[in-house]
Participant: 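The structure under discussion is supplied below as structure tokens; questions concerning it will follow.
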Amino acid sequence: MPEHAFHVVAALLAVAAVVAAGAVRLRQPLIIAFIAVGVLVGPAGLGWVEGNDQVALLAELGIALLLLLVGLKLDPQLIRTTGPVAVATGLGQVAFTSAVGFGLARLVGLPVVPALYAGVAMAFSSTIIIVKLLSDKREIDQLHGRIAVGFLIVQDIVVVIVMVTLTAVGTAGRGDDLVPDLLVVLGRGVLFVGGILLAMRYVLPRALAWLARSKELLLLSALAWGIALAGLGDALGFSIEVGAFLGGISLAATPYREAIGSRLIGLRDFLLLFFFIDLGSRLGVAEALGRIGPAVALSLLVLVGNPLIVLVIMGFMGYRKRTSLLAGLTVAQISEFSLVLAALGLSLGHITADTVGLVTAVGVITIALSTYMILYSAALYARLAPLLSVFERARPRHADDSGDAADSGVDLVVVGAGRYGGRLVRQLLAREARVLVVDSDPQALERVGKDGAQTLYGDAEEPELVDALPLRGASWVVSTVPDRSVNLALLHGLEQAGFTGSVALTAHNDHDADRLEAAGVDVVLRPFHAAADSGAAILLEEAGTWGAAR
């Protein structure tokens, strides 16, 4: 067993890489592979991460970073549009699953209090796992993805209230302090959200405009802000997830959201590896195997019942069956909070290790199977669509997100607003083209913005930049950046994103121009050649006069 913390992390990365390579070879989800690594190196296996605070810390940082990025993808307008369905679906699903789960737990022989714990544990879904899967499928910005994130956050708030209530009851005996404790938590929440709103209005816009002069400083400051709010949220009695999510939302209304988000994706994926390893190491495999029979019954409730109740609620609210099903599939597993809730009940003496083993078994079954359900959600919908019409109104009130999105309102995307790019943009605007300009220089963006261009703060060197571009409806993507490697990476990203328009890239020498043409670019812009040709044309006109004079 590795002794030094660095050696432990190094060994975990090596094992994770090997197992992940096998999973890719077998076409299995990486999340399942990483959880399996956690079981392998946990107390039931090699015992490398038993009580390892470093791995737990990295896991918590991964959670905070994931929810920070989720918040960055949202803005107040999206929250207003999806808020009602998120609250209704989140609360309705929690109530339904808790009640039915309690009844099933009683049927399989659990006493009243353990059955209540088991039923409530079935009601909460894993925000971290779902958001990671939706992000990997690039569905986090689709309608069902936004709704899913909304009711998952509602679930997180409910589970915080449940755990506060249980702790108050357990410590106060008769529960005399329950109402005051809940009022204190509510007051903290109001102050917490109010402080963030004030920062969004008076502090963040000016601070970020100054910080954006340095890309590294902007990234560090945004990361510090999000992690600080995650820690503050946890200290105030809320979860790390809630604090980090609010931190992301507070940054989402700024012009720098895409630049911040694109540069954090790699760090997020690295840290989330430790979350899944930590989750796997906490699964009590032996206890889970001892309760496999009752666990199957409760797992069916989670895998089938949870999506059904979401279908019912969203269908009643006027959503189409495809959106309802895809959102419903995201609640077909229980959460890491369910395991925390069971552990809390054990520490309070409300339940025994037998009930904890039951909840753990349900977690193993539902997390594994729901991962496949979400990854292959399109195929599931294709098979189930004829049966789902009963959950859809004759005249749905909300549009589906399965068709093509509306035109982005952009004809050309121009990357780079320097001397050449800025003049190019002004010429395009003079011909009434709708232009979006991307640059990491706030002052350059301000100049072209005054000329009438749309602007997006972003770095052409970031591989995730393409994900932030409104490509649908755009006919051209133009890069005025002369760096060949940056341009080739941009061209590759556009091909991966399925961009069907034309691409123009810039080269300053013959060698780079040849490489870009060989890569299949539509047009190579050569500013020096164009300037020389234009200058020569002017001189030749004059030369004609000189020749006539001779």
Side-chain angles (χ1 to χ4, degrees), residues 64-65 68-69 71-76 195-230 244 246-268 410 412-426 429 435-470 477-487 489-490 493 506 508 527:
L65 192 52
L68 174 66
L69 286 170
L72 273 170
K73 293 290 185 180
L74 302 179
D75 58 45
I196 293 174
L197 290 175
L198 289 175
M200 289 174 63
R201 176 67 177 85
Y202 298 106
V203 179
L204 289 178
R206 295 180 180 177
L208 291 177
W210 184 84
L211 294 168
R213 298 177 181 180
S214 168
K215 293 179 288 187
E216 291 77 10
L217 183 57
L218 175 66
L219 179 67
L220 176 61
S221 301
L223 188 58
W225 170 255
I227 299 298
L229 287 184
L246 292 175
I249 290 177
S250 67
L251 297 171
T254 70
Y256 313 105
R257 54 185 289 186
E258 301 295 352
I260 295 169
S262 65
R263 302 194 74 184
L264 288 176
I265 290 176
L267 180 60
R268 175 204 68 184
V410 170
L412 301 96
V413 175
V414 177
V415 180
R419 287 176 295 180
Y420 177 57
R423 184 167 182 82
L424 177 66
V425 168
R426 284 190 289 274
L429 292 172
V435 184
L436 171 71
V437 182
V438 182
D439 203 295
S440 59
D441 183 352
Q443 294 177 339
L445 292 179
E446 184 178 0
R447 286 194 296 270
V448 295
K450 290 178 179 178
D451 293 329
Q454 301 179 46
T455 59
L456 174 66
Y457 182 91
D459 191 344
E461 297 182 10
E462 295 299 325
E464 292 82 10
L465 173 67
V466 173
D467 294 335
L469 299 179
V477 172
V478 181
S479 171
T480 63
V481 178
D483 189 295
R484 183 186 68 203
S485 60
V486 171
N487 282 327
L490 176 62
T506 300
H508 278 183

Participant: So which atom in S479 and which in L490 form the shortest heavy-atom distance, rounded to 0.1 Å?
Facilitator: CB-CD2, 3.8 Å

Participant: Between the side chain of D439 and the main-chain N/O of A417, is any donor-acceptor distance below 3.5 Å?
Facilitator: yes

Participant: Distance check, rounded to the nearest 0.5 Å: I260 atom CD1 versus L68 atom CG?
Facilitator: 8.0 Å

Participant: Working to the nearest 0.5 angstrom, can you tell me the gap between L267 CG and L69 CG?
Facilitator: 9.0 Å

Participant: Using every non-hydrogen atom in the two residues, find where P470 and V410 come nearest and quote the distance to one decimal.
Facilitator: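 For P470 versus V410, the nearest heavy atoms are CG-CG2, 4.3 Å.
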
Participant: Considering all heavy atoms of both residues, which atom of A453 and which atom of V425 are nearest to each other, and what is their separation?
Facilitator: CB-CG1, 4.1 Å

Participant: With rounding to the nearest 0.5 angstrom, report the CG to OH distance, L219 to Y256.
Facilitator: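 These two atoms lie 14.5 Å from each other.
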
Participant: If only atom types and distance count, is the side chain of R257 paired as donor or acceptor with the main-chain N or O of L72 below 3.5 Å?
Facilitator: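 Answer holds: yes.
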
Participant: Using the side chain to side chain contact (heavy atoms under 4.5 Å, CB included) definition, which of the options L424, T506, V413 pairs with V478?
Facilitator: L424

Participant: CG of L211 to OG1 of T254: how many Å apart, nearest 0.5 Å?
Facilitator: 11.0 Å

Participant: With a 3.5 Å distance limit and no angle check, can you tell me whether Y457 reaches the backbone of A212 through a side-chain donor-acceptor pair?
Facilitator: yes

Participant: Mind listing the closest non-hydrogen atom pair of P205 and A199 along with its distance?
Facilitator: CD-O, 4.0 Å

Participant: Could you check whether any side-chain N or O of T480 sits under 3.5 Å from a backbone N or O of G416, counting only pairs where one atom can act as donor and the other as acceptor?
Facilitator: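 Yes, the answer is positive, given that a donor and an acceptor are paired below the 3.5 Å cut-off.
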
Participant: How long is the span from the CG atom in L204 to the CG atom in L198, to the nearest 0.5 Å?
Facilitator: 11.0 Å

Participant: To the nearest 0.5 Å, how far apart are CG in L429 and CD in Q454?
Facilitator: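 The distance works out to 10.0 Å.
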
Participant: For E216, does the CD atom sit with more than 12 other heavy atoms under 6.0 Å from it, leaving out its own atoms?
Facilitator: yes

Participant: I'd like to know if the side chain of S250 and the backbone of L197 have a donor-acceptor N/O pair within less than 3.5 Å.
Facilitator: no

Participant: Give me the atom names and distance for the closest heavy-atom approach of I265 to G261.
Facilitator: CG1-O, 3.3 Å

Participant: Closer than 3.5 angstrom, by distance alone: can the side chain of S221 be matched with the main-chain N or O of L218 as a donor-acceptor pair?
Facilitator: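 The answer is no, because no donor-acceptor pair under 3.5 Å joins these two groups.
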
Participant: Looking at L251 and A222, what are the two nearest heavy atoms and their distance?
Facilitator: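 Minimum heavy-atom separation between L251 and A222: CD1-CB, 4.0 Å.
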
